[in-house]
Amino acid sequence: MSAASAPPSHGHGHGQGHGNAPASPLTARRCGALSGRLRPPGDKSISHRALIMGLLAVGETMIEGLLEGDDVLRTAQACRALGAKVERLGPGRWRVEGAGLGALATPREVLDFGNAGTGTRLLMGVVGGHAITATFDGDASLRKRPMRRILDPLTLMGAEVVSEAEGGRVPVTLKGAADPTPIEYRTPVPSAQLKSAVLLAGLNSPGRTVVIETEASRDHTEKLLAYFGAQIASEPHGEHGRKITLEGRPTLRPRPVIVPADPSSAAFALVAALIVPGSDVVIEGLMMNPLRVGLLDSLMEMGADIDVLDRRIEGGEDVADLRVRHGSLRGADIPAARAPAMIDEYPILAVAAAFATGETRMRGLNELRVKESDRLAAVADGLTACGVKNRIEGDDLIVEGAGSARGGGTVATHLDHRIAMSFLVMGLASDEPVTVDDSNMIATSFPTFRPAMERLGATFG
Ligand code: S3P
């Protein structure tokens, strides 16, 4: 399938999600009780990885429930450029005919990842372990994000950075290693993207690649590699860490992948139901992977009324339905060690904290400064614009919850989908409406956010 035959609503390649479309402000207004059921879209992390596994396996990988957000469509396009045949069969149903580990094509075009850090970094790992050269680029947000953390270990493995923008930013041209050197690598920051890049480069190495992380990060790469037949072992390391050992040059066999619902997208409806009076909402099929449920743990500590129902396995992951009801929340102290398990959920937790009573302190948020925006600053500024008292102390964000929020502000989203969705949720429960300066980026991870929330009773526009 060509890029042109991607689903039309996703504006593949240009405009929407690319950071150069005209801004599209959106306002959320106080609404009545939210009710009904919501099935969040497929998990973004697993969607990227499913396509990449399909690229690296020889034969046909079938994927169900793929997130058809702009970020993932960029990865699909990059996989095509690297030699896979990637076809959309129907909503969320995709087929990948892999090029195979060690047999990737040199892309003829620049790999344009738009807003997508995950696709960029994981495929830098893949390219870094192959005798091919590729150029990675993206939108204004991606061009600000640090890539040195990925390029450094890849260089140790024998890849060469042919060119890069100042400070190790994209556009980056990377020449991969024909025979990547197996390394033992301690990740200097807790990052699943970094861990995954090293493992994916190590796949094509003739030896054993070891990654040690002092704080365990999401393990979807490890699980999918094992599922596709790689020899990979993960063991505890220190108090919160993991040591992952991968044997190079496995035969990867295509396997069907069912993508579970994304807890990071579910988070918006979950918090909306907690803060809009009278709400009673069921969120279906939420992935309960322990390395992704930090938000749930935090909200429970804050006294949230959440019932976990029908725990089951779907697509190799623990999933459950959540029944979420409005109720009072109290401030909490969120430990730094929980950050990797809820790294993308701090903006929406900050919104919940505004509606709680008492102070919420979120510790150890340094990594938030290098997400799609400087999320620490963007959240603090957005809260201030909406009349919520807050402060940053070192790497901690402190929100003074007053049980309500004034709203009434316009929030700068800085090309960041999660900032946009978080403050729209705030507007559903605040005294005055909340406007976000641009809603285009929501299409990167949750293209159906607006209609899905409207079906529950949310009011936008
Ligand atoms: C992701 C890992 C996280 C997260 C990102 C997705 C992944 O980033 O913020 O949205 O799929 O591996 P880091 O690993 O850099 O913390």
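The structure displayed is predicted, hence computed values, not measured ones. Ligands are counted one by one from 1 in listed order, and the atoms in each one are counted from 1 as well.
Of the protein's non-hydrogen atoms, Lys371 NZ, 3.0 Å is the one closest to atom 16 (O) of ligand 1. For atom 1 (C) of ligand 1, the nearest non-hydrogen atom of the protein is Gln193 NE2, 3.6 Å. Atom 11 (O) of ligand 1 has its closest protein heavy atom at Ser45 OG, 2.6 Å. Given atom 6 (C) of ligand 1, the protein heavy atom at minimum distance is Thr118 OG1, 3.4 Å. In terms of protein heavy atoms, atom 15 (O) of ligand 1 is closest to Ser191 OG, 3.0 Å.
Take Arg148 and apply the salt bridge (charged side-chain N to carboxylate O under 4.0 Å, His left out) test, not counting sequence neighbours, and it matches Asp152, Glu164. Residues passing the salt bridge (charged side-chain N to carboxylate O under 4.0 Å, His left out) test with Arg169, sequence neighbours excluded: none.
Two residues are said to be in side-chain contact when any heavy atoms from C-beta on lie closer than 4.5 Å; Phe228 and Arg253 fail this criterion. Residues His220 and Leu291 form no side-chain contact, since every pair of their non-hydrogen atoms from C-beta on lies 4.5 Å or further apart.
Of the N or O atoms in Ala192, one or more lie within a sub-3.5 Å distance of an N or O in ligand 1. An N or O contact shorter than 3.5 Å is missing between Glu372 and ligand 1 by distance. For ligand 1, the polar-atom distance check finds no N/O of Glu367 at less than 3.5 Å from any of the ligand's N/O atoms. At a 3.5 angstrom cut-off on N or O pairs, Arg149 does not count as close to ligand 1.
For His48, the heavy-atom gap to ligand 1 stays at 4.0 angstrom or more.
Using the six-membered ring where Trp is involved, Phe460 and Phe449 have ring planes that are tilted, between 30° and 60° apart.
Leu203 contributes atom CG, which lies 6.0 Å from atom CG of Leu252 (distance to the nearest 0.5 angstrom). Between Ile419 atom CD1 and Ile442 atom CD1 the span is 11.5 Å, to the nearest 0.5 Å. The line from CG of Asp416 to CG of Asn115 is 7.5 Å long, rounded to the nearest 0.5 Å.
Within ligand 1, counting atoms from 1 as listed, the ones closer than 4.0 Å to a heavy atom of Ile343 are 4 (C), 9 (O).
Closest to atom 4 (C) of ligand 1 by heavy atom, among Val370, Asp219, Asp344, is Asp344.
Atom CD of Glu454 has more than 12 heavy atoms from other residues, nucleotides or ligands within 6.0 Å. Counting heavy-atom neighbours within 6.0 Å of Arg249 CZ, excluding the residue itself, gives a total above 12.
Under 4.0 angstrom from ligand 1, the non-hydrogen atoms of Arg218 all belong to its side chain. Contacts between Arg49 and ligand 1, counted as non-hydrogen atom pairs separated by less than 4.0 Å, involve the side chain only. Contact annotation: for His220 versus ligand 1, there are no heavy atoms closer than 4.0 Å.
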